[in-house]
Amino acid sequence: MAKKITNRNEDYSQWYHDVIREAKLADQAPVRGCMVIRPNGQALWENMQDALDDMFKETGHENAYFPLFIPKSFLAKEAQHVEGFAKECAVITHSRLKSSGDGVEVDPESRLEEELIVRPTSETIIWDSYRNWIQSYRDLPILINQWANVVRWELRTRMFLRTMEFLWQEGHTAHATKQEAIEETEQMLEVYRTFAEEYMAMPVITGVKTASERFAGAVETYCIESLMQDNKALQAGTSHFLGQNFAKAFDVKFQSAEGEHEYVWATSWGVSTRLIGGLIMTHSDDNGLVLPPKLARYQVVIVPIWRDDEQKANVLDYCDNITKELEDSGIKYKLDDRESLNPGRKFAEHEAAGIPLRIAVGPRDLENHNVELARRDTLEKNIVDRDGLGDRIKTLLDQIQDDLYTAAQERIQENTHHAESYDEFKEIIKNKGGFVYAHWDGTAETEEKIKEETKATVRCIPLEGEKEKGKCMVTGKPSTQKVLFAKAY
RNA sequence: CGGGGAGUGGCGCAGUCCGGUAGCGCAUUCGCUUUGGGAGCGAAGGGUCGCAGGUUCAAAUCCUGUCUCCCCGACCA
């Protein structure tokens with residue numbers, strides 16, 4: 001059997017790229033750090049979008065759209081924000097080309113009076129609008145989300161995990177009180193957790209970022225962190241309490257019921273196509289992509305098998321009957337009746353694409369009133385009765401969704417450690433990797449020292465779990481709880 | 001942005017050291033035979049050798065520049 005996917009334990013990075021290629025999720029674009037998202041990848045993203053968008057709407061948000069281009073002066077209005085993003089902005093300086101010889105060149109006469117930034121995030125341009133939208137406490141809260149692309153001029157890129165242009169959603173809300181904004185931040189973090197766990201079957205730890213990892217311009221950054229198969233952590237989503245930083249920068253005040261003028265409280269929160277990278281590295285195996293049924297473009301693929309025209313007609317007839325039942329059961333399916341490819345080839349292709357269930361139907365099955373049902377996650381094959389197939393598959397898809405989550409959770413638990421001393425910590429990070437809980441004194445200096453010496457960073461200060469007091473593993477200073485460390489993407 | 005590796009048909013590669021006008025496997029197209037785990041035989045199509053300069057009678061091959069990808073580092077919500 002021709003192996004087109006590198007084994008994970010051989011070269012994890014190569015495996016990751018192989019999976020993306022074989023599942024036809026994306027191609028490398030001609031532009032550095034950018035990718036072409038192919039139909040399989042886009043369908044996956046759209047399914048993620050649909051689920052998330054419903055959750056946003058259920059929590060009272062509405063969608064809007066703000067411009068791709070941000071006046072350079074806007075970005076400068078919030079000091080920390082500009083400092084955080086200045087080094088990775090694409091800047092538009094000219095508006096025209098002119099022909100030169102065989103090709104074209106930038107027309108020097110078209111230089112822009114005010115240069116434009118391609119949005120790395122949209123806080124500034126959105127808060128500029130909010131200033132006009134908000135006068136009174138009656139205008140609040142504003143609960144807006146936008147689905148968009150953003151550009152960050154990254155030096156080192158990786159398909160889905162860090163690309164120069166990526167797709168995401170960014171929620172931007174404005175509130176009358178600090179308390180309400182904090183509640184919003186926490187609520188959206190829970191939305192992300194729910195999405196990651198229930199749809200992606202990707203267990204996450206929720207927590208708060210340290211000052212050094214905080215979003216540029218935020219007062220507090222909350223995050224969901226997960227652990228990938230290679231024992232590196234992935235930040236999968238963030239939700240920021242922005243305080244009044246942007247309200248002050250953009251002079252957004254409202255008049256309270258008492259007639260006072262007060263600055264508005266803000267949040268922002270986002271997840272991106274990086275989630276697809278997380279999905280790949282949570283479930284996939286050496287045969288390719290493994291998708292959770294809730295996000296799969298096709299939940300079931302039917303592969304008919306025949307030897308001659310008569311069998312072909314009968315088998316396809318039998319398949320027709322099955323597809324009707326799947327249709328009625330609300331199952332997303334695909335019938336792969338391509339001629340000229342033999343079944344083995346089709347099996348391999350659909351495995352690489354991560355389709356959760358495969359039904360194979362051949363003459364034998366017609367005779368015995370069966371089908372062969374194969375699970376992508378466990379690679380188990382079973383001959384099952386044709387009757388009640390729709391219900392059986394629905395149950396099985398739910399089972400797969402649960403099993404994927406459980407398997408990922410067990411993997412993460414097995415790779416989560418507690419370090420009581422710095423030596424132990426270093427040993428774990430060096431030899432095992434994974435999540436490591438340890439006491440830290442809360443200072444940036446210690447954090448930096450640990451990062452330099454071990455490459456591990458504080459992923460978050462977990463919101464849940466026991467909050468046992470202790471002493472910093474490095475300095476011995478008091479610590480109120482263990483924090484989560486890992487090497488990260 | 002620093003160090004290392006690499007760009008040759010859609011994909012994976014050989015050819016580069018030692019210059020002589022491009023080849024293999026897979027894929028594609030057509031035909032026939034096949035089809036329960038990546039089919040077989042026959043025929044056909046497809047490449048300005050990443051791009052731009054230079055050296056030379058002659059460049060995939062030598063020189064210079066540049067772009068892109070991969071790995072490591074720095075950087076990075």
Side-chain angles (χ1 to χ4, degrees), chain A residues 1-6 11-14 16-18 21-22 24 27-35 80-81 83-89 101-103 120-121 123 150 152-159 161-164 166 168 170 208-218 220-225 235-240 242 268-272 274 287-288 303-309 311-312 315 336-352 358-367 370-372 374 379 381 383 451-452 455 457 459-460 488-489:
Chain A
M1 187 164 73
K3 250 317 202 186
K4 294 179 173 170
I5 298 175
T6 307
D11 184 343
Y12 196 80
S13 181
Q14 186 59 49
Y16 178 75
H17 287 105
D18 289 350
R21 187 189 66 242
E22 290 301 312
K24 298 186 169 71
D27 288 341
Q28 206 68 58
V31 181
R32 182 178 80 79
C34 294
M35 55 184 183
Q80 286 179 323
H81 190 66
E83 195 189 322
F85 285 105
K87 282 176 283 182
E88 47 183 5
C89 285
D102 294 341
T121 178
E123 274 78 4
V150 287
R152 294 179 189 179
W153 212 262
E154 302 288 352
L155 296 177
R156 190 169 168 190
T157 59
R158 243 175 211 276
M159 299 268 257
L161 296 175
R162 177 171 285 115
T163 46
M164 293 218 306
F166 56 93
W168 77 344
E170 45 181 329
V208 174
K209 284 290 184 190
T210 64
S212 68
E213 299 260 335
R214 202 176 281 154
F215 174 72
E220 198 81 273
T221 288
Y222 295 67
C223 63
I224 53 172
E225 293 278 332
Q235 175 180 299
T238 48
S239 182
H240 314 289
L242 302 173
S268 69
W269 28 274
V271 294
S272 72
R274 170 178 256 206
N287 296 313
V303 178
I305 299 159
W306 62 77
R307 282 174 196 280
D308 54 43
D309 284 349
Q311 284 187 350
K312 178 181 166 186
V315 167
D336 186 357
D337 58 357
R338 286 176 295 177
E339 315 258 358
S340 83
L341 290 188
N342 67 9
R345 161 62 79 98
K346 293 180 182 178
F347 294 172
E349 269 187 23
H350 298 128
E351 269 166 20
R358 179 185 73 229
I359 299 173
V361 177
R364 282 210 301 265
D365 301 299
L366 266 65
E367 246 174 63
N370 289 332
V371 300
E372 184 194 81
L379 301 172
K381 287 195 282 198
I383 306 293
K451 183 180 175 183
E452 267 184 29
K455 305 293 178 205
T457 50
R459 300 321 304 150
C460 69
Y489 273 101

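For clarity, every value in this text was computed on a predicted model and none was experimentally measured. Only heavy atoms go into these numbers, but all of them, side chains included; no hydrogens, no water, no symmetry mates. Every chain is numbered from 1, with letters handed out A, B, ... down the list of sequences.
- In this view, Ala352(A) and Glu22(A) satisfy the side chain to side chain contact (heavy atoms under 4.5 Å, CB included) rule, not counting sequence neighbours.
- Candidate nucleotides C76(B), G36(B), A74(B) were compared by shortest atom distance to the side chain of Leu155(A), and A74(B) ranks first.
- Taking every side-chain heavy atom of Arg307(A) into account, U35(B) is the closest of C76(B), G37(B), U35(B).
- In this structure, Asp365(A) reaches the bases: a heavy-atom distance under 4.0 Å links it to at least one base atom across the strands shown.
- Closest to the side chain of Arg156(A), out of G73(B), C76(B), G37(B), is G73(B).
- For the P atoms, the distance from G4(B) to A77(B) is 28 Å, rounded to whole Å.
- Residue Gln14(A) is classed as having no contact, given no heavy-atom separation below 4.0 Å to the nucleic acid.
- Mapping Arg152(A) and Arg364(A) onto RNA chain B via the closest heavy atom, the residue that lands nearer the 5' end is Arg364(A).
- If you take atom C1' in C49(B) and the same atom in G10(B), they sit 16 Å apart, rounded to whole Å.
- Here, C26(B) and C72(B) have their C1' atoms 32 Å apart, quoted to the whole Å.
- Taking Phe85(A) as the reference, His81(A), Phe215(A) meet the ring pair (Phe, Tyr, Trp, His ring centres under 6.0 Å) condition, with sequence neighbours excluded.
- Side chain Arg162(A) to base A77(B): no donor-acceptor pair is found below 3.5 Å.
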Using a cut-off of under 3.5 Å, enumerate the N/O to N/O pairs linking the protein to nucleotides 65-69 of chain B.
from	atom 1	to	atom 2	distance (Å)
C69(B)	OP1	Gly33(A)	N	2.4

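- The pair Arg358(A)-Glu351(A) counts as a salt bridge, with a side-chain nitrogen and a carboxylate oxygen less than 4.0 angstrom apart.
- Here, A22(B) and A59(B) have their P atoms 12 Å apart, quoted to the whole Å.
- Evaluation of the ring pair (Phe, Tyr, Trp, His ring centres under 6.0 Å) rule for Trp168(A) yields Phe166(A) as partners, not counting sequence neighbours.
- With hydrogens and angles left out, the side-chain atoms of Thr6(A) and Asp18(A) include a donor and acceptor closer than 3.5 Å.
- Comparing U35(B), G36(B), G37(B) by their closest approach to the side chain of Arg358(A) singles out G37(B).
- Of the candidate nucleotides A77(B), A27(B), G37(B), A77(B) has the atom nearest to the side chain of Thr238(A).
- Side-chain proximity of Phe85(A) to the nucleotides U35(B), C75(B), A77(B) is greatest for A77(B).
- Considering only side-chain atoms of Pro363(A), the nucleotide from G37(B), A77(B), G36(B) that sits closest is G36(B).
- Across all strands, Trp153(A) comes closer than 4.0 Å to no nucleic acid atom at all (heavy-atom distances).
- Looking at heavy-atom distances under 4.0 Å, Gly217(A) makes no contact with the nucleic acid at all.
- For Lys455(A), no side-chain nitrogen or oxygen approaches OP1 or OP2 of C75(B) to under 4.0 Å.
- For Arg214(A), the side chain to side chain contact (heavy atoms under 4.5 Å, CB included) test picks out Ala211(A), Ala218(A), Glu220(A), Thr221(A), with sequence neighbours left out.
- Looking at Lys87(A) and Glu154(A), no side-chain N of the basic residue comes within less than 4.0 Å of a carboxylate O on the acidic one, giving no salt bridge.
- Among the heavy atoms of the strands lying under 4.0 Å from Glu351(A) is at least one base atom, whether or not backbone atoms are also near.
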Could I get a table of every N or O pair under 3.5 Å where one atom is in the protein and the other is in nucleotides 4-8 of chain B?
none

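- At a threshold of 4.0 Å, the pair Arg338(A)-Glu349(A) counts as salt-bridged, since one of the basic side-chain nitrogens sits closer than that to a carboxylate oxygen.
- Checked by atom type and distance alone, the side chain of Arg32(A) pairs as donor or acceptor with a backbone atom of Leu155(A) at under 3.5 Å.
- Counting atom types as modelled, Lys381(A) pairs a side-chain N or O with a base atom of G37(B) as donor and acceptor under 3.5 Å.
- Distance from the side chain of Glu349(A) is smallest to G38(B) among U35(B), A77(B), G38(B).
- The side chain of Ile305(A) lies closest to U35(B) when the candidates are A77(B), U35(B), G38(B).
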